[in-house]
Amino acid sequence: MLNQKVAIVTGGSRGAGKAIAGRLAAEGTKLAIIGSSEQIHESAKELTENGAEVLSIQADVSNEQQVKNAFKQAIDHYGQIDLLVNNAGLGFFKPTEETTLEEWQKVFAVNVQGVFLCTKEILPFMKEKKSGTIITISSDVGRRTIANGAAYTATKYAVQGFIGSVAQEVQEYGIRIGTINPGAIDTYFADSKQGETHKEDWLKVNDIAEAVCYMASAPKHMVVDEIMLHPLSQEYPRI
Ligand code: NJP
């Protein structure tokens, strides 16, 4: 079902995004991957060596002009975009009184404005085609709150609200929109390293890639609105 489709994956240079790109490529999906640092080209090289068709684009998802250029490049290159995975994101965890305005603005710029800009850029294209899937990697803290992560939590609640509204706007165009809300994943998130011993029981990047694949390959008459997943070891209050 994903064979010969084309996907844009933001934050494809490492962590969950890189795994999502690799998993989609294994299904035969052609890729445009976006990241703000040069590492995006290294990631594309690796994926290409494993047989994937990949266009790497260095762009900051919070910058409107860079997003416009990146999406134009991807659309011009492939002439088709079937799937957008809004995955790029960042986080930091500290008490609110220690959070600077600059940090607050930065995390909103990438996690919320980035999702807005990328979604906005692809919607006219998908509306015209009357098809497309947009999957956003949000968080379990888009549905529950935690201490010492208020700014990050606020961004993911904002993402849930934004995505929920957009899903209703575009339903009539055959566009399917969902969020994946993971708990702790073993990545490079919040300036950490993948593979650290305290993360042994955390979700693995392939768990997220698997969820994306499931959501993206749902039959045409079905929308998977939301997938929540968290490590069995993680405390998780049920709603
Ligand atoms: O993080 P990490 P994850 N423009 O740091 C890119 C959510 N999540 O894989 O730009 C474009 O390994 C960055 O590349 P670069 C989380 O909120 C995670 O864990 O070159 N790209 C890199 O490729 C996020 O939405 C956990 O630095 C930008 C990627 O984003 C998603 O999972 C828990 C960018 C980040 O890779 C993937 O994060 C949870 C920009 N401005 C939700 N800024 C968790 N890890 O525990 C960053 O609930 N990137």
Side-chain angles (χ1 to χ4, degrees), residues 8-23 31-44 46-47 56-67 69-71 84-93 103 105-119 121 135-146 149 151-160 162-163 179-196 198-209 211-212 226-231 233-234 236:
I8 296 178
V9 180
T10 69
S13 62
R14 58 169 192 260
K18 187 176 177 188
I20 292 164
R23 181 72 176 78
L31 296 162
I33 58 173
I34 297 175
S36 71
S37 74
E38 279 182 1
Q39 207 187 329
I40 199 68
H41 303 304
E42 283 306 306
S43 175
E46 252 179 72
L47 288 162
S56 55
I57 306 170
Q58 192 178 344
D60 176 350
V61 294
S62 69
N63 181 305
E64 186 172 29
Q65 198 51 53
Q66 289 184 28
V67 169
N69 295 344
F71 277 62
L84 164 64
V85 184
N86 283 318
N87 163 79
L90 51 89
F92 62 89
F93 298 88
E103 287 170 327
Q105 287 171 338
K106 170 83 178 162
V107 74
F108 267 83
V110 177
N111 294 8
V112 186
Q113 190 168 302
V115 170
F116 161 64
L117 290 174
C118 293
T119 304
E121 210 48 41
I135 298 175
T136 299
I137 311 302
S138 179
S139 174
D140 60 342
V141 300
R143 291 293 187 207
R144 67 186 182 109
T145 56
I146 49 163
Y152 180 69
T153 301
T155 67
K156 295 300 186 176
Y157 266 74
V159 162
Q160 292 298 146
F162 172 72
I163 289 297
T179 56
I180 294 176
N181 302 329
I185 322 163
D186 178 12
T187 66
Y188 300 87
F189 188 66
D191 288 332
S192 66
K193 296 245 176 328
Q194 203 168 31
E196 289 172 324
H198 72 280
K199 296 178 170 183
E200 221 164 76
D201 293 338
W202 290 17
L203 297 173
K204 306 297 169 227
V205 289
N206 287 338
D207 300 328
I208 314 307
V212 168
E226 192 169 335
I227 295 178
M228 298 205 68
L229 61 165
H230 62 97
S233 58
Q234 187 182 332
Y236 186 79

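Counting starts at 1 for both ligands and their atoms, in listed order. These values consider heavy atoms only, across backbone and side chains, with no hydrogens, waters or symmetry-generated copies. In this chain, residues are counted from 1 in sequence order.
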Passing candidate, side-chain hydrogen bond (donor to acceptor under 3.5 Å, both in side chains) with N181, options E226, R144, K156
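Considering E226, R144, K156, a side-chain hydrogen bond (donor to acceptor under 3.5 Å, both in side chains) with N181 is found only for E226.
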Residue [X] vicinity, atoms of ligand 1 by number, heavy atom under 4.0 Å:
{"X": "T187", "result": "1 (O), 3 (P), 9 (O), 12 (O), 19 (O), 45 (N)"}
{"X": "D140", "result": "48 (O)"}
{"X": "G183", "result": "33 (C), 39 (C), 48 (O)"}
{"X": "A184", "result": "46 (O)"}
{"X": "D60", "result": "4 (N), 40 (C), 41 (N)"}

Could you list the donor-acceptor pairs under 3.5 angstrom formed by side chains in residues 33-41, with sequence neighbours left out?
residue	atom	partner	partner atom	Å
S37	OG	Q39	N	3.3
H41	ND1	S56	OG	2.8

Proximity flag P182 to ligand 1, non-hydrogen atoms under 4.0 Å:
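It does, in that a heavy atom of P182 comes within the 4.0 Å cut-off of ligand 1.
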What do you reckon, does K156 put a non-hydrogen atom under 4.0 Å from ligand 1?
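Checking ligand 1 against K156, which is what was asked, there is a heavy-atom contact under 4.0 Å.
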On a heavy-atom basis, I'd like to know which of Y152, W202, Y188 is closest to atom 42 (C) of ligand 1.
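Closest candidate by heavy-atom distance is Y152.
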If we set the cut-off at 4.0 Å for heavy atoms, which region of [X] has an atom near ligand 1: side chain, backbone, both, or neither?
{"X": "R14", "result": "both"}
{"X": "A59", "result": "backbone"}
{"X": "I137", "result": "both"}
{"X": "S138", "result": "backbone"}
{"X": "K18", "result": "neither"}
{"X": "N87", "result": "both"}

I137 side chain near V212 side chain, heavy-atom distance below 4.5 Å:
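SC-SC contact between I137 and V212 confirmed.
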So do L84 and F71 actually touch side chain to side chain, heavy atoms under 4.5 Å?
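Result yes, sub-4.5 Å side-chain heavy-atom pair found.
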Please confirm whether G35 comes within less than 3.5 Å of ligand 1 when only nitrogen or oxygen atoms on both sides are compared.
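For ligand 1, there is no N or O atom that lies under 3.5 Å from one belonging to G35.
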Within-cut-off N or O pair, A16 and ligand 1, under 3.5 Å:
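Between A16 and ligand 1, an N or O pair is found under 3.5 Å apart.
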Walk me through whether F162 and T136 qualify under side-chain contact (heavy atoms from CB on, under 4.5 Å).
CA-CA 11 Å; F162 172 72; T136 299; over 6 Å; no
Protein heavy atom at shortest distance from atom 46 (O) of ligand 1
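Protein heavy atom at minimum distance: I185 N, 2.8 Å.
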With sequence neighbours left out, write down each residue that passes salt bridge (Lys or Arg N to Asp or Glu O under 4.0 Å) with D186, or none if nothing qualifies.
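Salt bridge (Lys or Arg N to Asp or Glu O under 4.0 Å) list for D186, sorted by chain: K199.
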Could you go step by step and tell me if Q194 and R14 meet the side-chain contact (heavy atoms from CB on, under 4.5 Å) rule?
CA-CA 10 Å; Q194 203 168 31; R14 58 169 192 260; over 6 Å; no
